[in-house]
Enquirer: 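Supplied in structure tokens, the structure appears directly below.
These figures come from a predicted structure and were not determined experimentally.
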Amino acid sequence: QVQLVESGGGLVQPGGSLRLSCAASGSIYRIRTMGWYRQAPGKQRELVADITSGGSTNYADSVKGRFTISRDNAKNTVYLQMNSLKPEDTAVYYCNAEGLVTNSDPVLVTLTDFSSWGQGTQVTVSS
């Protein structure tokens with residue numbers, strides 16, 4: 001019902017920067033929270049940062065002061081600006097969105113909770 005398309009990953013040297021984008025599409029009524037997670041080889045997926053529709057943000061301690069999450073509610077898009085990247089930031093980064101979708105029935109509108117994931121984008125920090 002909701003599709004997330006990520007872009008912006010790649011290879012960068014330590015100390016460099018990357019900007020990830022994630023656009024949501026579908027029968028979206030409202031997106032409450034959008035966030036970025038990452039999963040390194042052999043490790044569990046972990047929250048990097050998330051942001052509510054009102055702009056409240058939450059960051060993992062490991063990225064505070066280096067990463068900035070933002071969103072454009074009109075475009076249903078979330079961004080992750082990553083600065084001062086370290087080799088330990090290497091992972092597949094996944095976008096997540098949670099909110100409400102509509103059945104688009106003009107007579108009887110039904111709202112349903114959703115939680116969707118993007119396909120992931122690889123970020124590699126290496127010299």
Enquirer: Is it true that N83 and S17 share a donor-acceptor pair across their side chains at a distance under 3.5 Å?
Expert: yes

Enquirer: Kindly indicate, with the supporting measurements, whether the criterion side-chain contact (heavy atoms from CB on, under 4.5 Å) is fulfilled by V92 and T121.
Expert: CA-CA 5 Å; V92 178; T121 184; 6.0 Å; no

Enquirer: Please tell me if the side chains of E46 and R38 come closer than 4.5 Å, counting only heavy atoms from C-beta onward.
Expert: yes

Enquirer: Specify the closest pair of heavy atoms between S70 and I51, including all atoms of both residues, with the distance to one decimal.
Expert: CA-CD1, 4.0 Å

Enquirer: Please check if the number of heavy atoms outside Q81 that lie under 6.0 Å from its CD is greater than 12.
Expert: yes

Enquirer: Aromatic contact between W117 and Y37, with the criterion being ring centroids under 6.0 Å apart: yes or no?
Expert: yes

Enquirer: How close do G118 and Y94 get, heavy atom to heavy atom, and via which atoms?
Expert: O-CD2, 3.7 Å

Enquirer: Would you say the side chain of L100 lies within less than 4.5 Å of the side chain of D113, judging by non-hydrogen atoms?
Expert: yes

Enquirer: Indicate yes or no: does R71 engage D50 in a salt bridge with an N to O separation below 4.0 Å.
Expert: no

Enquirer: Is it true that atom CD of Q44 has more than 12 heavy atoms of other residues, nucleotides or ligands lying nearer than 6.0 Å?
Expert: no

Enquirer: Go through V48 and Y59 one step at a time and tell me if the side-chain contact (heavy atoms from CB on, under 4.5 Å) criterion holds.
Expert: CA-CA 6 Å; V48 176; Y59 293 93; over 6 Å; no

Enquirer: Within a strict 4.5 Å, meaning less than it, do heavy atoms of the D89 and R66 side chains meet?
Expert: yes

Enquirer: Hydrophobic clusters here meaning ILVMFWY residues chained together by side-chain heavy-atom distances under 4.5 Å, can you tell me if V63 and V12 are in one?
Expert: yes

Enquirer: Is there a side-chain contact between T77 and C22 in this structure, where contact means two heavy atoms from C-beta onward sitting under 4.5 Å apart?
Expert: no

Enquirer: Within the distance-only criterion (no hydrogens, no angle test), does the side chain of T90 pair as donor or acceptor with the backbone N or O of V125 below 3.5 angstrom?
Expert: yes

Enquirer: Give a yes-or-no answer on whether the side chains of T124 and Q122 include a donor-acceptor pair shorter than 3.5 Å.
Expert: yes

Enquirer: So do the side chains of I31 and F114 get within less than 4.5 Å of each other, counting heavy atoms only?
Expert: yes

Enquirer: What is the minimum heavy-atom distance between C95 and V78, and which atoms define it?
Expert: SG-CG1, 3.8 Å

Enquirer: Would you say Q1 and S27 make side-chain contact, with heavy atoms under 4.5 Å?
Expert: no

Enquirer: Salt-bridged, D61 to K64, with N to O below 4.0 Å?
Expert: yes

Enquirer: Which heavy atom in L4 sits nearest to a heavy atom in A97, and how many Å separate them?
Expert: CD1-N, 3.7 Å

Enquirer: Measuring from F67:CZ to L18:CG, what's the distance to the nearest 0.5 Å?
Expert: 9.0 Å

Enquirer: Apply side-chain contact (heavy atoms from CB on, under 4.5 Å) to E6 and Q119, showing your working.
Expert: CA-CA 7 Å; E6 300 141 336; Q119 79 284 359; 3.3 Å; yes

Enquirer: Looking only at heavy atoms, what is the nearest atom pair of A40 and A91, with distance?
Expert: N-CB, 3.8 Å

Enquirer: Which atom names give the shortest non-hydrogen contact between A49 and I69, and what distance separates them?
Expert: O-CD1, 3.6 Å

Enquirer: Is any side-chain heavy atom of V2 less than 4.5 Å from a side-chain heavy atom of I28?
Expert: yes

Enquirer: Yes or no on side-chain contact (heavy atoms from CB on, under 4.5 Å) for E98 and S115, after CA distance, side-chain angles and deciding distance?
Expert: CA-CA 4 Å; E98 297 182 348; S115 178; 3.5 Å; yes

Enquirer: Could you tell me whether the side chain of N103 and the main chain of L108 form a donor-acceptor pair under 3.5 Å?
Expert: yes

Enquirer: Does the N76 side chain pair with the main chain of S25, one donor and one acceptor, at a distance under 3.5 Å?
Expert: no

Enquirer: Give, for atom CE of M34 and atom CG of D72, the distance between the pair rounded to the nearest 0.5 Å.
Expert: 10.0 Å

Enquirer: Taking V101 as the starting point, is it possible to reach V109 by hopping between hydrophobic residues whose side chains are less than 4.5 Å apart?
Expert: no

Enquirer: Short question: side chain of S62, backbone of A60 - any donor-acceptor pair under 3.5 Å?
Expert: no

Enquirer: Just wondering, do T52 and N58 contact through their side chains at under 4.5 Å, heavy atoms?
Expert: no

Enquirer: Within 45 degrees of the ring normal and closer than 6.0 Å to the centroid, is that where the cationic atom of R19 sits relative to Y79?
Expert: yes

